[in-house]
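Please read all numbers here as calculations on a predicted model, not as lab measurements. Index from 1, following the sequence.
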Amino acid sequence: MSGHRRVKDIDYDEEDLYDEVDEDDAEPDTQAGLTPEDQANFATLTPVVRAELDEAGLQASDREIQDALWNYYWDVGKSVGYLRGLRGEKVNDSGLAKKEKVKSKFEEAEEERARKAGGGWTSTSLDLGRPESWFRDVTWSHIPEAIVGDLMPPMYRQPRFLGGSSKLAKLAEERKRKAEAAKVAATASSLDHLTLDGTHEQSKGRPPDTQPAAKTRKYPARRKESSPPPRQPEPEPVEEVKEVLPDLRAPPTAFGHTLSKSSRNTDQRQTLQVRNILGSSTSPDAFSGPSPDDVVTRSTKSKPQKSTPDGVNGLHRSVDALHLHGTSTEQPAAQPKVKSKNIDVPTVWAETTATRRPSAAFVVIGHVDHGKSTLMGRLLLDTGAVHQRDIDRHRKEAAEQGKASFALAWVMDTSADERDRGVTVDIAQHYFSTDTADFTILDAPGHRDFVPNMIGGASMADLGVLVVDANQLESGLKGQTREHVLLARAVGLERVVVAVNKMDGAVPSWDQHLFRSVSEEVCKLLTDTGFDRDNIKVVPCSGLNGENVATAPAADGPTAWVARSSQTLIAALDNFAASTTTPSELLKKPIRLQITDIFHASSQYPISISGRISAGTVQIGETIIIMPSSVSASIKAIDVADSPVEYAVAGQLVTLHLTADDVEQLERNVRIGDMLCYSSSPIEVVSDFTVTLLSYQPLLPGPVEVHIGRLQLPGRITSLLELIDADGGTVKKKPRIVKAGLRAKVKVTVDRALPGDVGNRVVIRADGETFGSGILSGLGERWVGAASGS
Ligand SMILES: Nc1nc2c(ncn2[C@@H]2O[C@H](COP(=O)(O)OP(=O)(O)OP(=O)(O)O)[C@@H](O)[C@H]2O)c(=O)[nH]1
């Protein structure tokens, strides 16, 4: 249990704010910190599980039952199953007949390998499970590599739950495990096939000419992270040759030898030749260098670099950046020249204001399943951004999976994972236009496991659309409705449209009283969190049926009051878009863009990144650097809302198509959360900073997660500097603890290089909860390690 969780459970009084806190005395009460909903669930479900165990003639303590319920998200069946398993093992331990467990092929292979390796310990001898499963239930993110390398096998059974792992995390883990097992099997079989010494079995599947063609990877291939450096494959153990079979096949090619790295490869000459072409005759890995094709392509492409006085080719500017920050680990590459039109963007932008359509980006927030994705699918359908035939296709596919009601949501939830789970995982970005304005939708996940993605999405938005299920307000107020509202304010959003959704499902349908009470409660929550009442618009609607989304509902029947007195969701958005402007001073500042996505947009562009420009302007042909690595690149093309433009300004969400002489170097050094800037005015890269924040939970020095937009870093609160009042005046220096609801200045140290500016919005989280948020008010020591922070 982390320090923060302990602090949450401390029953302290005002005195404790300034006196010593003995953490050892602060033993948690296991029930403390539970929401009333959790407690109600325990109260109702514990007897149900007990009854099922009684039926099976088994006993369990309340604590065991509740631990199981907590872990399995109140799933009675799974909890009973777990506890039965637990009891079954105890019976076996006490000497009764033990059931023979049928071993999977994977387990058998693993045991065999362990036995051959001669280790004194096998996974079954102590029944510890496989090493990769020891920490499966532990929701550690960001384990420093050094620690991972030193992990020792625990000499006790790793509990199968109580690690705080969520159901979703388990699902994902299970899926990943299956995929890895399939990959291992596939790799093994293809390596068998490449063992060209006559010892392998004949293929048992289809003959080669009937094997399905390998799938080629199609663009766009969006990636969430930059490509990891090529891994050195581990040498495969060479199996004993037991029986020599007649070799009926053609001799292997040199490439085949190199690929299989067979120790029985007799054609050393050919293999060496290949390695020489690759330029690494000493390399143990044939793929650690560029391919022969790459070598040929590069030799025909490479031209001598021109050095220009303004440093457009990037060399001296990048070197400057290296001196300034000491974070780059590699020499910056000279940039290919991309022609810039040298547009005076701030002036042109000001001159064209009158002719531009209003535009805004909004983040869709709210509790899980309150209908965010469905409502956005509806908006896209009703504004013509997606076609009815696409929805029909989604409906058919969704119906095949027994999820017909998710057809509209599938417009937003495009990944297989999201569709399987029925929840949004990452931020989806879509565009639509109304008669008067252009919009970008950032659909945020509602589930608490994906709050970091929600923070990233909200940081890119001009306004929020809070979707509330009219019939489930309570669950939302206890869950992510409240947290999302808090975070939306924390990242600086000031305006919000509340969509009181699923009004069709109210009893009675479109109940006006229900709408009034829901809107009053939500408005109170918003104003209590700091939103101005004038900046809140509330509309009743049904995303599923489309009533009051793009068009007003029927003027008679249950929706008559809506048609009479409420604006549509689109009208509310149009109003806000009309008042969305970017201050002209912001355009004159140096460029700042936090990278929120990295991908290959097309074969034309080696690497593309997207994000919101928070200050300054960019135009085609400019050379930029990416911090903390200081790697430089040229802007080859720019897209705004999927359309090509010549320049873009602060406030816009853009995709920049980048190029560099050394694209691999660029790819290696760009990561989500990095900042794009000019080398002439680079962002500081620090290892600690001061944040002026409002605390939502009691704060003590200890480990935390730092969120700045899409950047998420492990770190720790190293000191509580002072408590302050609303005007920033000092109330108390060096408090021992910051009570929830107080303002404070706090020093935070991060474990990786942090590119940051004073004024950035910072969210501090720990244990999956938000502990405070505020503004970066002081930069600390410059980061001196590698840019990756490893
Ligand atoms: N009756 C009714 N059901 C709706 C409405 N909107 C959404 N639903 C249903 O609510 C369920 C959840 O909808 P989603 O759109 O996936 O909810 P979400 O808020 O996006 O969920 P996450 O992405 O997981 O946060 C689906 O079964 C929808 O069909 C509505 O207006 N009326």
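Contact record, S542 with D504: OG-OD1, 3.0 Å, taken as the closest heavy-atom pair. Of all the heavy atoms in V691 and G774, the pair that sits closest is CG2-C, 4.1 Å. Looking at every heavy atom in both residues, H484 comes nearest to G366 through ND1-N, 3.0 Å. Across every non-hydrogen atom of A60 and L53, the tightest pair is CB-CD1, 3.7 Å. Nearest heavy-atom pair, C523 versus V538, reported as atom, atom and distance to 0.1 Å: SG-CG2, 3.7 Å. Taking both residues in full, the closest heavy atoms of V49 and S79 are given as CG2-CB, 4.4 Å, listed atom of the first, atom of the second, then distance.
At least one donor-acceptor pair under 3.5 Å links the side chain of D511 to the backbone N or O of H513. In terms of modelled atom types and a separation under 3.5 Å, the side chain of D75 and the main chain of G77 share a donor-acceptor contact. Side-chain atoms of S517 come within 3.5 Å of backbone N or O of L514 as a donor-acceptor pair. The backbone N or O of A506 sits nowhere less than 3.5 Å from a side-chain atom of S509 that would complete a donor-acceptor pair. Without hydrogens or angle criteria, H367 side chain to Q480 main chain gives a donor-acceptor distance under 3.5 Å. A donor-acceptor pair under 3.5 Å is absent between the side-chain atoms of S695 and the main chain of P698, judged by distance alone. Judged purely by atom type and a 3.5 angstrom limit, N501 has no side-chain atom pairing as donor or acceptor with the backbone of D469.
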Discussion item. Set out, in order, the CA-CA distance, both residues' side-chain angles and the distance that settles side chain to side chain contact (heavy atoms under 4.5 Å, CB included) for L526 and V498, then state yes or no.
Written reply: CA-CA 10 Å; L526 285 163; V498 181; 3.6 Å; yes

Item to complete: Walk me through it: do L776 and I708 pass the test side chain to side chain contact (heavy atoms under 4.5 Å, CB included)?
Response: CA-CA 9 Å; L776 197 158; I708 299 182; 4.2 Å; yes

Practice prompt. Could you go through the side chain to side chain contact (heavy atoms under 4.5 Å, CB included) check for L83 and E64 one step at a time?
Written response: CA-CA 8 Å; L83 290 164; E64 284 175 309; 4.1 Å; yes

Practice prompt. Check the pair V518 / N471 against side chain to side chain contact (heavy atoms under 4.5 Å, CB included), numbers first and verdict last.
Written response: CA-CA 9 Å; V518 168; N471 315 293; over 6 Å; no

Worksheet entry | Stepwise salt bridge (Lys or Arg N to Asp or Glu O under 4.0 Å) test for R50 and D62 | CA-CA 8 Å; R50 183 174 302 293; D62 276 3; 2.3 Å; yes

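Between I775 and N760, the closest side-chain pair of non-hydrogen atoms is not below 4.5 Å. Proximity of V465 to V363: side-chain heavy atoms (C-beta onward) are nowhere separated by under 4.5 Å. Contact check for V451 versus R765: side-chain heavy atoms found under the 4.5 Å cut-off. Contact check for V748 versus V706: side-chain heavy atoms found under the 4.5 Å cut-off. Considering only heavy atoms from C-beta on, L754 comes within 4.5 Å of L711 through its side chain. At a threshold of 4.5 Å between non-hydrogen side-chain atoms, the residues T529 and L525 count as touching. The shortest side-chain heavy-atom distance between V500 and V539 does not fall under the 4.5 Å cut-off. Between F515 and S566, every side-chain heavy-atom pair lies at or beyond the 4.5 Å cut-off.
In this structure, D725 CG and R743 CZ are separated by 8.0 Å, a value rounded to the nearest 0.5 Å. Between the CG atom of D369 and the NZ atom of K502 there is a distance of 6.0 Å, given to the nearest 0.5 Å. The line from CG of L493 to OG of S459 is 8.0 Å long, rounded to the nearest 0.5 Å. Atom NZ of K78 sits about 12.5 Å away from atom CG of L69, to the nearest 0.5 Å. Atom CG of residue L700 and atom CD1 of residue I717 lie 8.5 Å apart, to the nearest 0.5 angstrom. With values rounded to the nearest 0.5 angstrom, H707 atom NE2 is found 7.5 Å from T770 atom OG1.
T749 and R716 share no donor-acceptor pair across their side chains, judged by distance under 3.5 Å alone.
Comment: D67 engages R63 in a salt bridge, judged by a side-chain N to carboxylate O separation of less than 4.0 angstrom.
Within the cation-pi definition used here (under 6.0 Å to the ring centroid, within 45° of the axis), R489 qualifies as a partner of F531.
Under the rule for a side-chain hydrogen bond (donor to acceptor under 3.5 Å, both in side chains), the partners of D462 that lie at least two apart in sequence or sit in another chain are R612.
The one candidate from L45, V76, T46 that meets the side-chain contact (heavy atoms from CB on, under 4.5 Å) condition with I65 is T46.
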